[in-house]
Amino acid sequence: MLELKNISYSYGKTEVLQDLTFCMEAGEFLCVLGPNGCGKTTLLKNILGLLRPSSGSIFLNGEDSRDIPMGKLAKTVAYIPQEHTPPFPFKVFDVVLMGRTSYLSKWAMPGKEDERIAAECLEELNISYLKDQIYTKISGGERQLVLIARALAQQPQILIMDEPTASLDFGKQHLFLEHMRQLSGKGISILMVTHDPDQAFYCASQVVLMKKGRLLSTGTPEATIIEGSMKEMYGIDVKINGLSLANNNMIRVCIPVPKAIQASVGV
């Protein structure tokens, strides 16, 4: 589905990405973790075609992304930003309908089929009640769901998200991630940048850890998000604990260890 081979990227003489190689299969949920300034957003911009790698190649369904026209790329990859405020107070339905742009010719208007798809995307996320509301006046959590609906209207194979829960409260974060898990279960590949290891434990099937533009580790959340790797990336001590849930299920959590506690136990 998505394959990066030896990707490097430089801003002038400053190398931001260095020899990154990993892949994501159809229906996989991949989380990218790393400290601020390690190149995560630059990585996304290269995948989206907004930047071109200085070296290496990015393949989508086996095709070099540099050879894919932007219109075709928009039908393959959709992007959900961290936050979005449009310059005009569009209705929610119109914002979602914009996801159909890549399917329209230069001067064409959305047709009945485009409107049907937009309405179905709102319904799928249980936000049809927002259809006629003004996008700039709804809550941050609702706005993020509208952006998901707009991305789904593109009918993409891959969803790319850059810290999409950064502005959401705890409850809205959970609802957002649950929607993402459901979409992944329907076969849509998801690549999400996050600063929260617990989010990766909750929804990721694969994790990419980055540090200073390099690939630190890749694999399952259980194999990559460990106490040693968190210390190396973020410079803090953590404990990884497993919490037992119903039906013998378990979820892992990453807990920072306060320095006062470390000192009291001689760590």
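Start at 1 with the first residue, then count along the sequence. Note that this is a predicted model, so its numbers are computed, not measured.
At a threshold of 4.5 Å between side-chain heavy atoms, the hydrophobic network of Ile, Leu, Val, Met, Phe, Trp and Tyr places Val32 and Ile7 in one connected group. No chain of hydrophobic side-chain contacts below 4.5 Å, direct or via other Ile, Leu, Val, Met, Phe, Trp or Tyr residues, connects Ile134 to Leu97. No single ILVMFWY cluster, assembled from side-chain heavy atoms under 4.5 Å apart, contains both Leu191 and Ile188. Note on Met70 and Ile58: same hydrophobic cluster, where clusters join Ile, Leu, Val, Met, Phe, Trp and Tyr whose side-chain heavy atoms are under 4.5 Å apart, directly or indirectly. Residues Leu50 and Leu20 are members of one and the same hydrophobic cluster, defined by side-chain heavy-atom contacts under 4.5 angstrom among Ile, Leu, Val, Met, Phe, Trp and Tyr.
A donor-acceptor contact closer than 3.5 angstrom is absent between the side chains of Asp196 and Gln173.
For the pair Met180 and Cys203, the minimum side-chain heavy-atom distance is 4.5 Å or more. Residues Arg150 and Tyr135 form no side-chain contact, since every pair of their non-hydrogen atoms from C-beta on lies 4.5 Å or further apart. Using a 4.5 Å heavy-atom cutoff, the side chains of Leu43 and Leu4 are in contact. Under the 4.5 Å side-chain criterion, counting only non-hydrogen atoms from C-beta, Met192 is not in contact with Leu30. In this structure the side chain of Lys40 reaches within 4.5 angstrom of the side chain of His195, judged on heavy atoms. Side-chain contact between Pro110 and Arg100 is absent, with no heavy-atom pair separated by less than 4.5 Å. Side chains of Lys172 and Gln144 form no contact here, defined as non-hydrogen atoms less than 4.5 Å apart. Counting heavy atoms from C-beta on, the side chains of Leu209 and Glu232 never come closer than 4.5 Å.
In this structure, the separation between CG on Asp198 and CD1 on Ile251 is 7.5 Å, given to the nearest 0.5 Å. Annotation: the span from Glu227 atom CD to Ile255 atom CD1 amounts to 10.0 Å, rounded to 0.5 Å. Interatomic distance, CD1 of Ile80 versus CG of Leu159, reported as 5.0 Å (0.5 Å rounding). In this structure, CG in Leu122 is found 10.0 Å from CG in Leu152, a value given to the nearest 0.5 Å. The OG atom of Ser205 lies 9.0 Å from the CE atom of Met24; values are rounded to the nearest 0.5 Å. The structure places CG of Leu130 at 4.5 Å from CD of Glu142, a figure rounded to the nearest 0.5 Å.
Between Lys231 and Asp237 there is a salt bridge, with a side-chain nitrogen of the basic residue lying less than 4.0 Å from a carboxylate oxygen of the acidic one.
With hydrogens and angles ignored, the 3.5 Å screen pairs no side-chain donor or acceptor of Thr220 with any backbone N or O of Gln206. Under a 3.5 Å cut-off, the side chain of Ser8 and the backbone N or O of Asp19 do form a donor-acceptor pair. Side-chain atoms of Gln18 come within 3.5 Å of backbone atoms of Lys212 as a donor-acceptor pair (strictly under, hydrogens ignored). In this structure, the side chain of Tyr9 does not engage the main chain of Arg52 through any donor-acceptor pair within 3.5 Å. When atom types are taken as modelled, the side chain of Ser65 and the backbone of Phe59 share no donor-acceptor pair closer than 3.5 angstrom. Asp162 contributes no side-chain N or O that, together with a main-chain N or O of Pro81, makes up a donor-acceptor pair within less than 3.5 Å. A donor-acceptor pair is defined here as one N or O able to donate and one able to accept, closer than 3.5 Å; no such pair exists between the side chain of Thr136 and the backbone of Pro89. Not one N or O on the side chain of Thr218 forms a donor-acceptor pair closer than 3.5 Å with the backbone of Val208. Between the side chain of Ser229 and the main chain of Thr224, a donor-acceptor pair closer than 3.5 Å is present. Between the side chain of Lys239 and the backbone N or O of Val257 there is no donor-acceptor pair closer than 3.5 Å.
Counting heavy atoms of neighbouring residues, nucleotides and ligands inside a 6.0 Å radius, atom CD of Gln182 exceeds 12 of them. Crowding of Lys75 atom NZ: a count of heavy atoms from other residues, nucleotides or ligands under 6.0 Å exceeding 12. Within 6.0 Å of OH in Tyr11 there are more than 12 heavy atoms belonging to other residues, nucleotides or ligands.
A pairwise comparison of heavy atoms in Pro156 and Ala78 identifies CG-CB, 3.7 Å as the closest pair. Nearest heavy-atom pair across Phe93 and Glu115 is CZ-O, 3.6 Å. In plain terms, the two heavy atoms of Leu73 and Leu48 that are nearest each other are CD2-O, 3.3 Å. Shortest non-hydrogen contact noted between Asp64 and Ser57 is OD2-OG, 3.8 Å. Closest approach of Ser102 to Ala74, counting heavy atoms only: CB-CB, 3.7 Å. Shortest non-hydrogen contact noted between Pro53 and Gly56 is CB-O, 4.2 Å.
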Problem set entry | Criterion side chain to side chain contact (heavy atoms under 4.5 Å, CB included) on Met230 and Cys254, from CA distance to verdict | CA-CA 9 Å; Met230 295 297 100; Cys254 180; 4.1 Å; yes
For this session: Just do the side chain to side chain contact (heavy atoms under 4.5 Å, CB included) check on Leu125 and Cys121 with the steps written out, would you?
Result: CA-CA 7 Å; Leu125 296 173; Cys121 292; 6.0 Å; no
For this session: Go through Met210 and Leu17 one step at a time and tell me if the side chain to side chain contact (heavy atoms under 4.5 Å, CB included) criterion holds.
Result: CA-CA 10 Å; Met210 292 179 60; Leu17 301 178; 3.9 Å; yes
Problem set entry | Full working for side chain to side chain contact (heavy atoms under 4.5 Å, CB included) between Ile127 and Val146 | CA-CA 8 Å; Ile127 54 173; Val146 172; 4.1 Å; yes
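Phe29 does not carry Arg181 over the face of its six-membered ring by the limits of under 6.0 Å from the centre and within 45° of the normal.
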